[in-house]
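A short write-up of the structure that comes next.
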2 protein chains.
Amino acid sequence: MSCQMPLEKSTQPNPSAPTLAEAKAQFINLWGVSGTSWGVSKTLAQVHALLLVSPQALSTEDIMEQLSISRGNASQTVRELIDWGLIYKELRPGERREYFVAEKDILRVTQCIIAARKRRELDQMKRTLDQLAQLPGNDTDPDYRAFHTVLTDIQQLADTSDKLLTRLMKAERNWFLDKFLKLFL
Amino acid sequence: MSCQMPLEKSTQPNPSAPTLAEAKAQFINLWGVSGTSWGVSKTLAQVHALLLVSPQALSTEDIMEQLSISRGNASQTVRELIDWGLIYKELRPGERREYFVAEKDILRVTQCIIAARKRRELDQMKRTLDQLAQLPGNDTDPDYRAFHTVLTDIQQLADTSDKLLTRLMKAERNWFLDKFLKLFL
DNA sequence: CACAAGTTTCAATAATTATTGAAACTTGTG
DNA sequence: CACAAGTTTCAATAATTATTGAAACTTGTG
């Protein structure tokens, strides 16, 4: 990987610029690797990282070039990031090309991620658990009781997590910083 | 899938037994599907689910048979679950075969999962972030400042998450139920 | 020490998931 | 309405990840 990566154009040549570009590349890489171990595609995480550290909005073309991915991949990934609420379209008058900017407020970023995962996985899971927990059975069967206990415990955990996540999601900055951090940690 | 799954032997035939076995199968399936979307292999999640709803300890052979997986897969998966602290070996005097039981206390299960993921991913991430944040640069370069801001924000988030998770991990049942649930949710 | 009854390892393979890229589509403009 | 400049879709393919299963290993026993 060349040190002279075209990650940004500085107005005048600057000796520390290559290092900054390199640091950005490392950050994009870190995000990509971390993403995969949490069940998010590498590209999704990388595009997000790229936009997070890019002060200007980038076009699909820019994203393709900087991450060496195909047009189709860029298009799909960008659409998914919009779904999550993590990036926004930026339209420029007189241009047909679309540009994208990342939500830069990390608290909001966190809330978007929590919200998306909660509704995609936790809510679905709770529905299935509720349904399974309704299974009738005779309480004298120890096997039935054991199953029921595990199920009820997990349901309780899911409820608690749900409430905690909802709270974190709706938290305002002040609540988050003051009450939460100071009182709790 | 047959209703007469050999998930357990009840001492006497019981009309609700097939339904219970079916419910267990559904639960194992739910766990498997949920696992994959959080970056955990399907088999790992399924073996865990199987042992969670099994009142008796199961041998590798039992696990292979009930989930239709190979010996090698069962062996590796079981080892990984032990690593996570989610299941225990149970040795029976006079038998060479090993049996496995799941940790059934959901609070502990949660703590094990949090601990494992924290050390595997969060801690590694914090290390890389710290290193990247040290990048020197001139504060007059807006590009540098933007990058540094994002990095610092994410570091702060990582720290907060870390503290929150550590707290949840060490929480005792009473603290968890009382302080946490009542005061917070 | 030979064997039986298991467990573990790991290269080969299968299954899954992500990515490409060409074709179809969209939209604004002369 | 034809065309230019984009975006989106999706079947084919590539890359990744999980799984198999045979061989190597381990361990207790006659």
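Order of the sequence lines fixes the chain letters, A, B, ..., with proteins taken first and strands second; residue numbering starts at 1 for each chain.
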- Among residues 77-95 of chain A, which contact DNA chain D at a heavy-atom distance under 4.0 Å? Arg79(A)
For the pair made of [atom1] in [X] and [atom2] in [N], what is the distance, rounded to whole Å?
X        : N       : atom1 : atom2 : value
Met64(B) : dG6(C)  : CE    : C1'   : 12 Å
Gln76(A) : dA18(C) : CD    : C1'   : 9 Å
Ile69(B) : dA14(C) : CD1   : C1'   : 16 Å
Ile63(A) : dT19(C) : CD1   : C1'   : 16 Å
Arg97(B) : dT27(D) : CZ    : C1'   : 16 Å
Trp38(A) : dT17(D) : CH2   : C1'   : 19 Å
Leu67(A) : dA18(C) : CG    : P     : 17 Å
Glu98(A) : dT26(C) : CD    : C1'   : 11 Å

- Take Arg71(B) and Lys42(A), find for each the nucleotide of DNA chain C with the closest heavy atom, and name the residue whose nucleotide sits nearer the 5' end.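 Whichever sits nearer the 5' end wins; that is Arg71(B).
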- Message: Using OP1 and OP2 only, check whether a side-chain N or O of Ser75(A) sits under 4.0 Å from dT9(D).
- Response: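 Answer no for this pair, as no side-chain N or O of Ser75(A) is under 4.0 Å from OP1 or OP2.
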- Query: Taking only N and O in the side chain of Ser41(A), is any of them less than 4.0 Å away from OP1 or OP2 of dT19(C)?
  - Reply: yes
- Message: Please name the nucleotide paired to dA15(C) by Watson-Crick or G-U wobble geometry with both distances under 3.5 Å, or report none.
- Response: dT16(D)
- Answer for the Watson-Crick or wobble partner of dT26(C), both distances under 3.5 Å, is dA5(D)
- Query: Which heavy-atom pair separates Ala133(A) from Gln155(A) by the least distance, and what is that distance?
  - Reply: CB-OE1, 3.4 Å
- Shortest non-hydrogen separation from Leu135(A) to Tyr144(A) and the atoms involved: O-OH, 2.9 Å
- Message: Once you apply a heavy-atom cut-off of 4.0 Å, does Glu61(A) come out as touching a base, just sugar-phosphate, or nothing?
- Response: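 No contact.
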- Message: At 4.0 Å (heavy atoms only), tell me whether Thr60(B) reaches a base, stays on the sugar-phosphate, or touches nothing.
- Response: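 The residue Thr60(B) makes sugar-phosphate contact but no base contact.
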Donor-acceptor pair between [X] and [Y] side chains, under 3.5 angstrom:
X         : Y         : result
Arg127(A) : Gln124(A) : yes
Ser70(B)  : Asn73(B)  : no
Thr152(B) : Gln156(B) : no

- Note on the structure: Whichever of Thr36(A) and Ser59(A) has the more 5' nearest nucleotide on DNA chain D, that residue is Ser59(A)
- Heavy-atom donor-acceptor pair, Asn138(B) side chain to Thr140(B) backbone, under 3.5 Å: no
- Query: Taking the side chain of Ser70(A) as heavy atoms from C-beta outward, which of dT19(C), dG6(C), dT20(D) is closest to it?
  - Reply: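 For the Ser70(A) side chain, the nearest candidate turns out to be dT19(C).
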- Message: Can you tell me which nucleotide in dT20(D), dT29(C), dT27(D) comes closest to the side chain of Arg96(A)?
- Response: dT29(C)
- Query: So, are Glu61(B) and Arg71(B) salt-bridged, with charged N and O less than 4.0 Å apart?
  - Reply: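 Looking at Glu61(B) and Arg71(B), the cut-off is met.
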